[in-house]
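Shown next, in structure tokens, is the structure this report addresses.
Position 1 is the first residue of the sequence, and the numbers go up from there.
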Amino acid sequence: MMKTLWALAVFALLAQGCATRGSAPADAARYFDQTGRMDVLGGGARRIPIQTAKGTFHVWTKRVGNNPTIKLLLLHGGPGGTHEYFEAFDTFLPGAGIEYYYYDQLGSHRSDQPDDATLSSLLSTEHFVEEVEQVRKALGLGPDNFFLLGHSWGGILATEYALKYPQNLRGLVISNMMSSCPAYNDYAKNVLIPAIPTEVREELQKLEAAKDYTNPRYMELLVPHYYEHHILRMPAAQWPEPAQRSFAHINPKVYVPMQGPSEMGLSGILEKWDRSADLQRITVPTLVIGAQHDTMDPKHMEWMAGQVKRGRYLHCPNGSHMAMYDDQKTYMEGLVRFLLDMDAGRF
């Protein structure tokens, strides 16, 4: 009798948990159902052919889970970064029943690495938008289930995609990225850099004036006085392994031409990028995520959420640029809430 009562109690708790997960699958068997999937042999991983003006290349993606109505494609930062730092999502999204896709953009880690001249000719927002569109088609994502999350540079890419292909999207997440690179440069110049201790700031500025970016001293100063305050707010030696791995795999042949060599402002291809005046054209439901200690101005990101037609702002009070780590609970709960609210018709 006691065993029967215990079993009934456990069943009741499980049933209650399923009922409160919104659109999450009723059980793990459904979430991990591989029926009809072409990526079963690779555990969800596949290489997708991408047509470019310079020929065909392949990019790496990996699916986690199964949910016919919520399929989230992750656009990493950098540029030239990797999907790896998104692995923190593994702790949260499966439990919410969210299907999501890792993706290394062309020139990044597990995707093809074209020769220098070819890669250089493809470094533009226009190329990467068309790359995302080809990935979307190959993965079979559409307006009934396709959510796009872009972090940092990925936020620029997600914004551009939403402006060109709104008909393909169900929802958009812009994470830790302002809508204007000139405004970001102003924020760095007027707020972030003056906060660096004077003697450190002066030494960094001398190194930058001499374009001595490869000098070991440059990173010796930046890591404790900038990265640990505005990129990921914990001692660098304690950064989570996926974050360390992702930073180690950044491709400078993509990063430097697009971002520029300085770590305290943009000076590359993206320097003049500005879509602030176009935000009102984004009509899909949009979550903008900002953080108090970010390299990006949180007030600007809050403003962005009010400019799109249907926006929501998520503020991470303890977070920085990598708020999915240093304000993880706020970040993940807010992201999951947005996706499940969308799926349940509450947004």
Original post:
Can you find a heavy atom in the side chain of H127 that is under 4.5 Å from one in the side chain of L106?
Top reply: yes

**OP:** Among L41, V59, D39, find the one that has a side chain to side chain contact (heavy atoms under 4.5 Å, CB included) with R46.
**Re:** D39

**OP:** For Y218, check ring pair (Phe, Tyr, Trp, His ring centres under 6.0 Å) against everything at least two apart and list the hits.
**Re:** Y213

**OP:** Search all heavy atoms of L340 against all heavy atoms of R346 and return the closest pair with its distance.
**Re:** O-NH2, 3.7 Å

Subject >> Contacts of D104 that satisfy side chain to side chain donor-acceptor pair (under 3.5 Å) - sequence neighbours left out >> reply: H83

**OP:** Tell me yes or no: between the side chains of R275 and Q307, is some donor less than 3.5 Å from an acceptor?
**Re:** no

Original post:
Taking atom types as modelled, is there a side-chain donor on S175 or Y331 under 3.5 Å from an acceptor on the other?
Top reply: yes

Original post:
Are any of the side-chain heavy atoms of F89 and L335 separated by less than 4.5 Å?
Top reply: yes

**OP:** For a side chain to side chain contact (heavy atoms under 4.5 Å, CB included) with V308, tell me which candidate from V288, T286, L172 qualifies.
**Re:** T286

Original post:
Just checking, is any N or O donor in the side chain of H315 or Q292 under 3.5 Å from an acceptor N or O on the other one?
Top reply: yes

**OP:** Kindly indicate, with the supporting measurements, whether the criterion side-chain contact (heavy atoms from CB on, under 4.5 Å) is fulfilled by I48 and I50.
**Re:** CA-CA 6 Å; I48 293 173; I50 299 296; 4.2 Å; yes

Subject >> Centroid-centroid under 6.0 Å between Y187 and Y184 rings >> reply: no

**OP:** Tell me yes or no: between the side chains of Y101 and E99, is some donor less than 3.5 Å from an acceptor?
**Re:** yes

**OP:** Just jot down the side chain to side chain donor-acceptor pair (under 3.5 Å) partners of H225, sequence neighbours excluded, or say none.
**Re:** none

Original post:
Do S124 and V129 come within less than 4.5 Å of each other through their side chains, counting heavy atoms only?
Top reply: no

**OP:** Say whether D326 and S320, considering side chains only, have a donor N or O and an acceptor N or O under 3.5 Å apart.
**Re:** yes

Identify all side-chain donor-acceptor contacts of residues 146-155 below 3.5 Å with residues at least two apart in sequence or on another chain.
{"residue": "H151", "atom": "ND1", "partner": "Y85", "partner atom": "OH", "Å": "2.8"}
{"residue": "H151", "atom": "NE2", "partner": "H321", "partner atom": "O", "Å": "2.8"}
{"residue": "S152", "atom": "OG", "partner": "H321", "partner atom": "NE2", "Å": "2.8"}
{"residue": "W153", "atom": "NE1", "partner": "Q105", "partner atom": "OE1", "Å": "2.8"}

Subject >> Min side-chain heavy-atom separation V132-L73 under 4.5 Å >> reply: yes

**OP:** Consider only side-chain N and O atoms of Y325 and R233, and report whether a donor and an acceptor are under 3.5 Å apart.
**Re:** no

Original post:
For L270 and Q259, what are the C-alpha separation, side-chain angles and deciding distance, and is it a side-chain contact (heavy atoms from CB on, under 4.5 Å)?
Top reply: CA-CA 6 Å; L270 296 172; Q259 147 78 27; 5.8 Å; no

**OP:** For the residue pair T69 and N67, confirm or rule out a side-chain donor-acceptor distance under 3.5 Å.
**Re:** yes

Original post:
Do the side-chain N and O atoms of T56 and Q51 include a donor-acceptor pair separated by under 3.5 angstrom?
Top reply: yes

Subject >> Presence of salt bridge, E241 and R245, under 4.0 angstrom >> reply: yes

**OP:** State whether a side-chain donor-acceptor pair under 3.5 Å links S267 with S262.
**Re:** no

Original post:
Cut-off 3.5 Å, side chains only: do H229 and Y227 have a donor facing an acceptor?
Top reply: no

**OP:** Carefully, step by step, assess L192 and H230 under the rule side-chain contact (heavy atoms from CB on, under 4.5 Å).
**Re:** CA-CA 9 Å; L192 301 181; H230 302 296; 3.6 Å; yes

Original post:
Do E133 and N168 have a side chain donor and acceptor closer than 3.5 Å?
Top reply: yes

Original post:
Using 4.0 Å as the upper bound for N to carboxylate O, is an ion pair formed by D278 and R281?
Top reply: yes

Original post:
What is the distance from atom CZ of R110 to atom CD of E84, rounded to the nearest 0.5 Å?
Top reply: 6.0 Å

Original post:
Aromatic rings Y102 and Y100: how do their planes relate, parallel, tilted or perpendicular, breaks at 30° and 60°?
Top reply: perpendicular

**OP:** Would you indicate whether the side-chain heavy atoms of M301 and I174 approach each other to under 4.5 Å?
**Re:** no

**OP:** Write down the atom of V64, the atom of Y31, and the distance for their closest heavy-atom approach.
**Re:** O-OH, 3.7 Å

**OP:** Take S246 and T82 through the side-chain hydrogen bond (donor to acceptor under 3.5 Å, both in side chains) test and state the conclusion after the steps.
**Re:** CA-CA 6 Å; S246 192; T82 81; 2.8 Å; yes

**OP:** Can you see which heavy atom on N176 is nearest to which on A291, and at what distance?
**Re:** ND2-CB, 4.0 Å

Original post:
Charged N to carboxylate O under 4.0 angstrom, R170 versus D343?
Top reply: yes

**OP:** For residues G65 and R37, report the shortest heavy-atom separation together with the two atoms involved.
**Re:** O-NH2, 4.0 Å

**OP:** Assess whether side-chain contact (heavy atoms from CB on, under 4.5 Å) is satisfied between L74 and Y103, documenting all intermediate values.
**Re:** CA-CA 6 Å; L74 304 173; Y103 157 38; over 6 Å; no

Subject >> Contact summary for D327 and C316, nearest pair of heavy atoms >> reply: OD2-C, 3.2 Å

Subject >> Distance-only polar pair, side chains of N66 and D33, donor-acceptor under 3.5 Å >> reply: no

Original post:
Side-chain contact, heavy-atom cut-off 4.5 Å: L123 with F128?
Top reply: yes

Original post:
Would a 4.5 Å heavy-atom cut-off, applied to side chains only, mark F57 and T118 as touching?
Top reply: yes

Original post:
Can you list the residues that meet the side-chain contact (heavy atoms from CB on, under 4.5 Å) rule with I193, with sequence neighbours excluded?
Top reply: R201, Q205, M264

Subject >> Between N251 and Q113: side-chain donor-acceptor atoms closer than 3.5 Å >> reply: yes

**OP:** Using distance alone, with no hydrogens and no angle criterion, decide if E131 and Y161 have a side-chain donor and acceptor under 3.5 Å apart.
**Re:** no

Original post:
Of all heavy-atom pairs between V223 and A236, which one has the smallest distance, and what is that distance?
Top reply: CG1-CB, 3.6 Å

**OP:** Test salt bridge (Lys or Arg N to Asp or Glu O under 4.0 Å) on D112 and R47 and set out the steps.
**Re:** CA-CA 9 Å; D112 282 357; R47 288 172 58 79; 2.4 Å; yes

Original post:
Are D341 and R312 close enough for a salt bridge, meaning some N to O gap below 4.0 Å?
Top reply: yes

**OP:** Quick one: list whatever passes ring pair (Phe, Tyr, Trp, His ring centres under 6.0 Å) with W239, sequence neighbours left out.
**Re:** F247

Original post:
Using a distance-only test with no angle check, is there a side-chain donor-acceptor pair under 3.5 angstrom linking S276 and S179?
Top reply: yes

